[in-house]
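Order of appearance sets the numbers: ligands from 1, and atoms from 1 within every ligand.
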Amino acid sequence: MEEHNFKKQFGQNFLRNIEWIMNFVEAAELDKDDLVVEIGPGDGAITNFILQQVKELIAIEIDFDLVKHLNEIFEDYKNFKVIQADVLQWNIDKTIKDRDYKVVGALPYNISKQIIKKFFEQEHKPESLTFILQNEVALKYSAQAPKATFLSNYAALHSDVEYVSKIPNTDFYPVPAVDGGIIHIKNFKDNINQKLVRFIRLGFSQPRKKLSKNLSNYGYEKKDVESALVDLGHKDSARAGELTIEQWQTLFDTLQLDE
Ligand code: SAM
């Protein structure tokens with residue numbers, strides 16, 4: 001590609017190590033019959049690999065310069081299409097219709113959580129999401145009790161999440177300030193209880209404080225929370241991060257306020 005004018009506002013740090021590209025594509029568990037959506041293909045380094053392996057690839061790229069470039073280099077591939085769009089605005093159903101699809105991408109770090117939320121809350125869920133995120137954020141999605149986070153519980157409610165690997169920041173160009181991390185998300189669930197999501201969010205409102213304190217700030221009786229925690233096998237002073245997703249569900253059912 002001719003000299004590309006890297007656009008910082010689009011999180012343009014391109015993966016420049018072929019080993020990591022191969023590891024990433026392997027983590028996505030692609031099949032020759034798959035329809036794959038790639039978010040943020042950039043100059044096509046990952047795209048090029050995937051195109052050889054799957055039935056169809058639809059790329060969503062916001063940067064017009066890159067869209068033009070991708071259309072040139074993949075001109076001969078009948079199984080490739082690039083849509084110039086902001087992925088957060090992109091209408092999934094209109095493009096995908098009722099087909100099964102898998103999603104991959106080295107995401108722009110600044111909007112990675114919004115992108116994941118979009119797919120979690122989409123009615124027509126993908127078979128899997130395989131993303132490169134800021135490593136610290138990838139670890140937050142995959143954390144486990146007693147070091148769970150709001151994001152790990154939110155993700156566990158919607159799916160199964162696996163942390164695959166860290167990618168050193170020096171394997172991207174331009175070199176970003178932080179390392180990348182690969183996560184693989186699958187087995188999406190429907191009909192998520194949004195009240196439970198809100199409840200967990202309240203529990204994590206001040207993660208270092210006691211859970212009973214956090215919930216008592218939002219109308220729950222401190223002593224009820226404490227005794228429910230003890231029933232779950234925790235100390236009454238437990239923090240939000242100590243609970244598994246199953247325990248959140250039980251705590252929620254136990255403390256449900258009359259409305
Ligand atoms: N896949 C390439 C690679 O690994 O080398 C590039 C990854 S780079 C981290 C993120 C890519 O997402 C860039 O190509 C950027 O232009 C694109 N991008 C940024 N914001 C976007 C948005 N809202 N919608 C679609 N693409 C976006």
Chemist: Counting each atom of ligand 1 from 1 as listed, which ones have a heavy atom of Leu66 under 4.0 Å away?
Modeler: 14 (O), 16 (O)
Chemist: Under 4.0 Å from any heavy atom of Glu38, which atoms of ligand 1 are there?
Modeler: 1 (N)
Chemist: Is a side-chain N or O of Tyr163 found less than 3.5 angstrom from the main chain of Lys166, in a donor-acceptor match?
Modeler: yes
Chemist: Among Ala85, Ala45, Gly40, which one has a heavy atom closest to atom 25 (C) of ligand 1?
Modeler: Ala85
Chemist: Determine, considering heavy atoms only, which of Gln12, Glu61, His4 sits nearest to atom 14 (O) of ligand 1.
Modeler: Glu61
Chemist: Out of curiosity, is Ile111 lining ligand 1, as in a heavy atom under 4.0 Å away?
Modeler: yes
Chemist: Please tell me whether His124 and Tyr101 form a close aromatic pair, meaning their ring centres lie under 6.0 Å apart.
Modeler: yes
Chemist: Is Asn13 in polar range of ligand 1, meaning some N or O pair under 3.5 Å apart?
Modeler: no
Chemist: Is the Phe204-Trp248 ring centre distance short of 6.0 angstrom?
Modeler: yes
Chemist: Is any side-chain heavy atom of Asp31 closer than 4.5 Å to one of Val54?
Modeler: no
Chemist: For atom 23 (N) of ligand 1, what is the closest protein heavy atom, and at what distance to 0.1 Å?
Modeler: Asp86 OD1, 2.8 Å
Chemist: Would you mind finding which of Ser112, Ala106, Gly42 brings a heavy atom closest to atom 10 (C) of ligand 1?
Modeler: Ala106
Chemist: Would you say ligand 1 has an N or O under 3.5 Å from any N or O of Leu15?
Modeler: yes
Chemist: Can you pull out the closest protein heavy atom to atom 27 (C) of ligand 1? Residue, atom name and distance to 0.1 Å, please.
Modeler: Ile62 CG2, 3.5 Å
Chemist: For atom 19 (C) of ligand 1, what's the nearest protein heavy atom and its distance?
Modeler: Phe10 O, 3.0 Å
Chemist: May I ask you to identify the nearest protein heavy atom to atom 8 (S) of ligand 1, giving residue, atom name and distance to one decimal place in Å?
Modeler: Gly11 O, 3.4 Å
Chemist: Which residue holds the protein heavy atom closest to atom 20 (N) of ligand 1, what is that atom called, and what is the gap in Å?
Modeler: Pro108 CG, 3.5 Å
Chemist: Students should be able to answer this: which protein heavy-atom is nearest to atom 24 (N) of ligand 1, and at what distance?
Modeler: Val87 N, 2.9 Å
Chemist: Got a sec, which residues hit side chain to side chain donor-acceptor pair (under 3.5 Å) with Tyr154, two or more places apart in sequence or on another chain?
Modeler: Glu121
Chemist: For Ile46, take its heavy atoms, then give the atoms of ligand 1 lying under 4.0 Å from any of them.
Modeler: 4 (O)
Chemist: Can you name the nearest heavy-atom pair linking Asn79 to Leu51, along with the distance?
Modeler: ND2-O, 3.2 Å
Chemist: Against heavy atoms of Leu107, which atoms of ligand 1 measure under 4.0 Å?
Modeler: 9 (C)
Chemist: Do the side chains of Lys125 and Asp190 get close enough for a salt bridge, i.e. N-O under 4.0 angstrom?
Modeler: yes
Chemist: Using the ring centroid of each side chain, check whether Phe14 and Phe6 are separated by less than 6.0 Å.
Modeler: yes
Chemist: Testing Arg239, Gln247, Glu226 for side-chain hydrogen bond (donor to acceptor under 3.5 Å, both in side chains) with His234, which one passes?
Modeler: Gln247
Chemist: Nearest 0.5 Å please: distance from the CG atom of Asn17 over to the OG1 atom of Thr170.
Modeler: 8.5 Å
Chemist: Indicate, as side chain, backbone, both or neither, the part of Ile132 found under 4.0 angstrom from ligand 1 when only non-hydrogen atoms are considered.
Modeler: neither
Chemist: Can you list the ligand 1 atoms lying under 4.0 Å from a non-hydrogen atom of Pro41?
Modeler: 1 (N), 2 (C)
Chemist: So that I know where these two stand, are His158 and Phe119 an aromatic pair - ring centroids less than 6.0 Å apart?
Modeler: no
Chemist: Indicate the atoms forming the closest heavy-atom contact of Val175 with Asn169, along with that distance.
Modeler: CG1-O, 3.6 Å
Chemist: I'd like to check which ligand 1 atoms, numbered from 1 as shown, lie under 4.0 Å from a non-hydrogen atom of Ile60.
Modeler: 25 (C), 26 (N)
